[in-house]
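Source: prediction; values computed, not measured.
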Amino acid sequence: MKKIILVLLTVFLNLGLFSCTPQAISEEVKSTQACCGNTRNQPPPPPRPEGGGSNILICEYFRGMKKIPFSSLFFFNLFLMVNPFALQGQIHRDTIYKYYNSIVHPNDDVTISQGINFYMHKKENDSQLKDTLSIIQDLRLVAIGQFDIGNIYDSESAVVEALTLIDGYHQKDTLIEGRKALYNQLGIIYGEAKNYNKAIEVYNLSLKYSKNKSDSITLINNKATIYLELGQYKKAVEQFNLAYKKIGFNSNSLQLAMVLDNLGFAEAKLGYPDALTKLKKALSIRENQNNLEGIYSSYKNLSLYYFDRNDKTQAIHNANKAYKVANTLKSITYHQDILSLFAIMSGDPKIVQFQKITDSIAKVKQLAENKNAFIKYNVANEKKKTAEALLEKEKEKNQKLIFLILGVIIALSSIFIYFVLRIRHRKEKIIQVHNTENRISKKVHDEVANEVYQLMAKIQGNNADNEKLLDDLEKIYNKTRDISKENSAIEIEANFSGQLNDLLLNYQNEKVNIATRNISKIEWESISEIKKTTIYRVLQELMTNMKKYSQASIVVLTFQQDSKKINIEYTDNGIGCTLKNKNGLQNAENRIHAINGTITFDSEPGKGFRSKIII
């Protein structure tokens, strides 16, 4: 049984969502034009704003909700049908309708209070379900109810809470109509609380969200009533005329009647001759459509019109008609309002003075109780922005900390890599030193020690003549000198090209011709000493290798400078070889690589030997 009721309730809610069309709103306007919110507790009353106690803005709110995709409603319905606990304390649709009417069609303040309590409890249930859209609707009805019974501050609080929920809603762009209606309600509240500047401010905010003619007319009308309160009648007439033109002169709608009634009241204050015509036309439209709230407003404004012109007979006559309508409406608020008007029109100065004092006390009390929830709303927004700014600042701080940590890590990594490379470089240098020492040791062993040993054997055998021994000793000396020259330190001379020529000529004889090209054109002064030393040693090793193995008769060395780079090409016409492990030229390659240069070798048996050096 509960599930059946729940399904029916769901269907009812959905029908409610889709029934708030412009036509539905028009029908609601016909039956729910409320007494002006700004007229309570104060004579003489201004023309009434629209939307104070009417459910027109509730429908406007639901019209905004119609932008919710149908698929969302389908899944919502499905959820409700399969989950009987989705709504805590399921409520019969008649109960919802009863309390809805207690707020939008109030008979007395008791039923309004009951409606407020019902929607406050419903809001708690919707909060547990995290149903934001329903919470906003609940707050909207609470705000209207609180306003109708005179709880201005509580009405403000409900509106502000609803606006805050809209601001935080993930699809807040779909709730434009709801936001507009809430701003309108807030404007009515501020008008009642005499905070006129704030009222105009929120009406302007609401107008920014208004995209259809009907809504803008309502908002312009309400804004104009604020100018009336401020005594700025010309501005009020401008606004009412703007609303009047938007409606169209041939219309007979209740909205036209409302604007005509208000415009006639404002023109009457300025002494315009057509004011009474507009007031009577507004009354005629309302009587034709039996709009009791509007009829009450028309009779009351006509009474004030005649009272301002000292026509007490007509003033009392229209006030009595307004009193009869108030009795028909059975509303304490209407009775209080019309009795206040009778007191003002009374000939007894004591009653008039009493009424003025009562009204003055009521105004002071209202202003004292008005803690301006909209300012709190703005403060909350500022706090939110401040919190977001602090969060952003914290993020930036964390990012800076992360970058700092990364910087430290990179710096430490760089230092670590530097020392690793340095150690590796040292190790490579040590290996090179060891290789050099091994090479020298091997060379001394192969070329010097063996011959010394042979010479010693000859001396021991006493079978060698002295001249032969001297020749052998000379050979050993020359080899020792060559090894020494190859590995000793080089003193780079100022004329480096001449120094290189001397080195190359040492390897020239009757069998070998050595030619150089462009050696003197190189800007040797711009070349560092370490590079010059490397060039000297590498060429020395190439020439030594040529002398020992190539059997070449011609050697050509070509020098060329390209910007800061030096290209050296070596070519001989020797027997050539098959390149394998650089054939003893590894030391030359290591030297070139140590100064970030390159060296290449090219040779084949019978085709000579070639090498190219780039430094």
Which pair of heavy atoms, one from Ala224 and one from Ala236, lies closest together, and at what distance?
O-CB, 3.6 Å
Taking salt bridge (Lys or Arg N to Asp or Glu O under 4.0 Å) as the definition, give me every residue that meets it alongside Lys278, ordered by chain and number, with sequence neighbours left out.
Glu267
Partner residues of Asn288 under the side-chain contact (heavy atoms from CB on, under 4.5 Å) criterion, sequence neighbours left out
Ser284
Look at Lys180 together with Glu177 and state whether they make a salt bridge at an N to O cut-off of under 4.0 Å.
yes
Does some side-chain heavy atom of Gln185 sit less than 4.5 Å from a side-chain heavy atom of Ser155?
yes
Output, in order, the C-alpha distance, side-chain angles, deciding distance and verdict of side chain to side chain donor-acceptor pair (under 3.5 Å) for Thr225 and Asn262.
CA-CA 8 Å; Thr225 62; Asn262 291 341; over 6 Å; no
Measure across Tyr296 and Ala322 and return the closest heavy-atom pair with its distance rounded to 0.1 Å.
CD1-O, 3.3 Å
Is the shortest distance from a Lys or Arg side-chain nitrogen in Lys198 or Glu201 to a carboxylate oxygen in the other one below 4.0 Å?
yes
Is it true that a side-chain atom of Ser340 and a backbone atom of Gln336 form a donor plus acceptor pair closer than 3.5 Å?
no
After noting the C-alpha distance and the side-chain angles of Val159 and Leu139, does the key distance pass the side-chain contact (heavy atoms from CB on, under 4.5 Å) rule?
CA-CA 7 Å; Val159 172; Leu139 287 168; over 6 Å; no
Can you list the residues that meet the side chain to side chain donor-acceptor pair (under 3.5 Å) rule with Tyr99, with sequence neighbours excluded?
none
Given Arg179 and Asp167, is the side-chain contact (heavy atoms from CB on, under 4.5 Å) satisfied, shown in steps?
CA-CA 9 Å; Arg179 184 188 291 274; Asp167 283 342; 2.7 Å; yes
Side chain to side chain contact (heavy atoms under 4.5 Å, CB included) partner of Gln255, the single match among Thr218, Leu260, Asn221, Ile285
Thr218
Tell me, do Ser102 and Ile112 make a side-chain contact under 4.5 Å, heavy atoms counted?
no
Any Phe265 side-chain heavy atom under 4.5 Å of Asp261 side chain:
no
Those residues at least two apart in sequence (or on a different chain) that pass side chain to side chain donor-acceptor pair (under 3.5 Å) with Asn327 are His335
Answer whether the closest heavy-atom distance between the side chains of Leu186 and Leu205 falls below 4.5 Å.
no
Please answer whether the main-chain N or O of Gln314 pairs with a side-chain N or O of Asn318 as donor and acceptor at a distance below 3.5 Å.
yes
Side chains of Tyr272 and Thr277 in contact at under 4.5 Å (non-hydrogen atoms)
no
Any side-chain heavy-atom pair from Gln137 and Asp126 closer than 4.5 angstrom?
no
Side chains of His317 and Tyr306, heavy atoms from C-beta outward: is any pair under 4.5 Å?
no
Would you say that more than 12 heavy atoms from the other residues, nucleotides or ligands in this model lie under 6.0 Å from the CG of Asn398, or not?
yes
Lys324 backbone acceptor or donor facing Thr328 side chain under 3.5 Å:
yes
With Lys321 via salt bridge (Lys or Arg N to Asp or Glu O under 4.0 Å) - residues at least two apart:
none
Paired with Tyr119, the side chain to side chain contact (heavy atoms under 4.5 Å, CB included) test is passed by just one of Lys123, Lys122, His121, namely Lys122
Plane angle bin for Tyr323 and Phe342 - parallel if under 30°, tilted between 30 and 60°, otherwise perpendicular:
perpendicular
Taking the side chain as C-beta and beyond, is there a heavy-atom pair between Leu175 and Leu133 under 4.5 Å?
yes
Asp274: salt bridge (Lys or Arg N to Asp or Glu O under 4.0 Å) partners, not counting sequence neighbours:
none
